[in-house]
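In what follows, a single structure is set out as structure tokens and then discussed.
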Amino acid sequence: MDFREIEKKWQKIWEGEGRFRAVDFDSKPKYYILVEFPYPSGAGLHVGHTPNQIAMDIIARKKRAEGYNVLYPIGWDAFGLPTENYAIKHGVSPVVATERNIDNFKRQIKSLGISFDWSREINTTDENYYKWTQWIFLQFFKKGLAYKATVNINWCPSCKIGLSNEESEGGVCERCGTPTIQKPKTQWMLKMSAYAEKLLQGLDETRFWDNIKTMQRNWIGKSEGTLLHCKLDTGDDFDIFTTCIETIYGITYFVLAPEHPLVEKLKDKIKNYDQVLKYIEKTQRKTEFERTELIKEKSGCPLEGIYAINPINGQKVPVFISDYVLAGYGTGAVMAVPAHDERDYDFAKLFSLPVIEVISGGNIAEQAFEKGEYLGKGCRLINSEQFTGLTVEEAKEALNKYLEENKLGQKIATYKMRDWVFSRQRYWGEPVPLVYCEKCGWVAVPEEELPVTLPKVDKYHPTDDGESPLSRIDDWVNTSCPNCGGRARRETDVMPNWAGSSWYWLRYMDPHNDKAFADFDKMKYWGKVDIYNGGGEHVTRHLLYARFWHKFLYDNGLVPYSEPFDRRIQQGIILAADGSKMSKSAGNTVDPMIYVERFGADVARLGQMFMGDYVEAKPWREDTMKPCEKLLKRIVALADRVEQGQESENKNILAQSIKSIDEDIDGLKFNTAISQLMVLTSALEKAKRVTDYDYQVLLKLLNPFAPHISEELWSQKGYKGRIDEGWLEYNEDDLKTSLVEIAVQLNSKIIARVNIGTSLTQDEIVSQLQKDEKIASALEGKNIIKVIYVPNRIINFIAK
RNA sequence: GCUGGUGUGGCGGAAUGGCAGACGCACGGGACUUAAAAUCCCGAGGUGGCAACACCGUGUGGGUUCGACUCCCACCACCAGCACCA
């Protein structure tokens, strides 16, 4: 029997009858299973894709059998750099390359027998799709959540190209190895920070794994503290943010980020402005490497002639700039309390600045006494005027109250999460649908003119000054202003990779709609994604972007639910056979498709699921394929022994198997489910009689894992009904056996193992055991003070 | 440094606080075969012993419990994410 032939046959049948089509508004309960849609690279499906799709396919098939209307869709996240780079290198249009890659992926996925609903296939590079990506962007723009700002990008001075963080890992350009620098560039930004609190709160509505929630919370990085209004002796105002307002009397200087606007503003008053400028330039020249690896080394520059005033006591203290203060967090300025902050302590030493201790209990001659050490320990304030003597916790409250009453500050929360840099000076992405008019400024392209399609270009390479290749196409760039009709220029930036994937699960619910991104009632019917499976690397960025877009749409009445995903799960990363990371450069990648070719899809599916716990990281092994092939061959061979009839002598093992496989699939324990299939198969092989009933149960249990062969055997046997309709149930009574082996313990040490009747009471068991010679002699002369009996497992005699 | 996670045979991995090592891989022995492959059967945590059996075993050290891979405390190692976040 050639599995591969059978598989082709059934794949054709399924496709022909549209077996896995999800039906809008069906009366069955809905179940929405989502796997992250793949990036169709030239390399084809890899081991990061196949286990996900197989695992979710097992769940999808089981859910359908249980009577759910299952939506299990697939599509292509096809915009992005790899394809663009391929186009640059080979002079092929990215459109053509993408098409080719998708065809290959599709063929591969289909050969695995994944039960996707292909009628809902989507592609982010399809005009009918990115029309709506652009449309959603315009809603952000219209609500004021898209804005232009100058931010630093990773820049390769040799390639003259802006790089993503991934392309400049380790601070060097991925292609030429030149150290990258930070270059300021105007970019479109999405005001994600406005949703920080909502993204944080919304997590409570989800059933994501706790570790995923924690990662998201850490990424959002909420911290509560005080916004303190400060003044310079020049009369200029600035704010600082602190979580340690209790240390306010310990301020001995202030530090501004080098990029802080006050620095530029005060250039005439800063005596050593030359020196300051030099420091700022040095900071900008710092490579990513220096910023991450050499961070602990403090540096800075005083603003000579400028003093700041501590708002609580009017003390005049010096002001510095230093790159240890980040422009993008808080207010880009800090109060420095060297006695109680390690960074300030180091910096104060470098510049010989005074250290004022304001919380007692530490040893500030040696090191800073930080909040981590003094919080919650009842430490009290010193050197703090009327607040002296209060505990830290009391002081926090009293100071906040005092500052608020005197309009010197207020309690606020800040977030680490930044706004989203939303433009790329590239070609292969969604054009940003805006035009710039000298008179009207940035104007949205009218919605009825969407999509703004990507024009064909000859060169996909960015220009030497880092502008998008689109900027070279004059007749595309030059347009008229939708507002005033005057001359205007199109935005030549495109959207980042992440754009198309920030709403795709909505499109699956209504993929062919040309009036809206998706019909509201259909979204209401399909609801939240019940289970969203994806890689751990997307838990922070993609998952936050997606939730951000969704929440924005919800706030504007465009989607019916405030959270997009109910559960989020992830598979463990697949490592190379030696436990190292798989990577192209290490040359240790594995092509999962060779196993389909060698063994067939059913074996490849089983083999991948049998490798280990789905959720844990694990090395790829191919030695699981053979035993899985063996299992299928044994099940095929068993068919010859099957006798007619619906009675069964194997009810116990069947019930056990149904129970454990059912629970294992729901709990993502596919490896143990397969073990149980092996156990069940062995049991049936040894059984005196195997009836149609027994065999049907086996095939049904096998079906989600190995859908082709199970259906083939089902059909060969001429069984009525469809194998994938109606899941299995078991009778509690069938789980029980009449005899069971239990361990007999004396003072928790095993002295014997005996078979006992499961219906016996503790007393009956004890009297039976006392007749056992070995046990009786072990217990002889002992004073039994207690007997612990755990039914069907152990009996423990506690004796002196 | 911070936050999460993981540590069980030669290997992948099983075990609602109740017989550790299910199910497999690799290995050893046997059957079939002229032979090999394939297939089937049997064995197997470690140490000692011909054996019955004994002792030791879930990263380390403590604790709770009649009983701990499982719960608690401290520590070590590895992996992942974040990292001058005020």
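Every heavy atom of this structure was used, including side-chain atoms; hydrogens, water molecules and symmetry mates were not. Just so we're on the same page: letters track the sequence lines, and every chain starts at 1.
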(message) Test: side chain to side chain donor-acceptor pair (under 3.5 Å). Region: residues 603-616 of chain A. Which pairs qualify, not counting sequence neighbours?
(response)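 Pairs touching residues 603-616 of chain A that pass the test: Thr50(A)-Gln608(A), Asn52(A)-Tyr614(A), Asp57(A)-Arg605(A), Asn533(A)-Tyr614(A), Asp613(A)-Lys669(A).
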(request) Starting from Watson-Crick (N1-N3 plus N6-O4 or O6-N4) and G-U wobble pairs under 3.5 Å, report the runs of at least three that RNA chain B belongs to. (result)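 For RNA chain B the paired stretches long enough to count as stems (3 pairs minimum) are B:1-7 with B:76-82, B:10-12 with B:23-25, B:27-31 with B:39-43, B:45-48 with B:53-56, B:59-63 with B:71-75.
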Output all residues satisfying ring-ring contact (aromatic ring centres under 6.0 Å, His included) with [X], sequence neighbours left out; order by chain, then residue number.
{"X": "Trp620(A)", "answer": "Tyr595(A)"}
{"X": "Phe238(A)", "answer": "Phe254(A)"}
{"X": "Phe241(A)", "answer": "none"}
{"X": "Phe369(A)", "answer": "Tyr374(A)"}

(request) Summarise protein proximity over nucleotides 14-30 of chain B in one line of letters, 5' to 3': B for base, S for sugar-phosphate only, - for none, counting protein heavy atoms closer than 4.0 Å. (result) S---BB--BBBS-----
(message) Between G57(B) and C69(B), how far apart are the two P atoms, rounded to whole Å?
(response)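 Their P atoms lie roughly 10 Å apart.
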(message) Under 4.0 Å, counting only non-hydrogen atoms across every strand here, what does Lys213(A) touch: a base, just sugar-phosphate, or nothing?
(response)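 No contact.
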(request) Assign Lys786(A) to base, sugar-phosphate, or nothing according to its heavy-atom contacts below 4.0 angstrom with the strands shown. (result)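 No contact at all - Lys786(A) keeps every heavy atom at 4.0 Å or more from the nucleic acid.
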(message) Tell me every residue that passes side chain to side chain donor-acceptor pair (under 3.5 Å) with Asn211(A), counting only those two or more places apart in sequence or in another chain.
(response)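 Partners of Asn211(A) under the side chain to side chain donor-acceptor pair (under 3.5 Å) test: none.
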May I have the list of side-chain donor-acceptor pairs in residues 630-638 of chain A shorter than 3.5 Å, sequence neighbours left out?
from      : atom 1 : to        : atom 2 : distance (Å)
Arg634(A) : NE     : Glu685(A) : OE1    : 3.4
Arg634(A) : NE     : Glu685(A) : OE2    : 2.9
Arg634(A) : NH2    : Ser682(A) : OG     : 2.7
Arg634(A) : NH2    : Glu685(A) : OE1    : 3.1

(message) A86(B), OP1 or OP2 - any side-chain N/O from Lys371(A) closer than 4.0 Å?
(response)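 Lys371(A) to A86(B) OP1/OP2: side-chain N or O found under 4.0 Å.
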(message) At less than 4.0 Å, is any side-chain N or O atom of Ser223(A) found next to OP1 or OP2 of A86(B)? Yes or no.
(response) yes
(request) Just compare C84(B), G81(B), G13(B) and give me whichever is closest to any side-chain atom of Lys618(A). (result) G13(B)
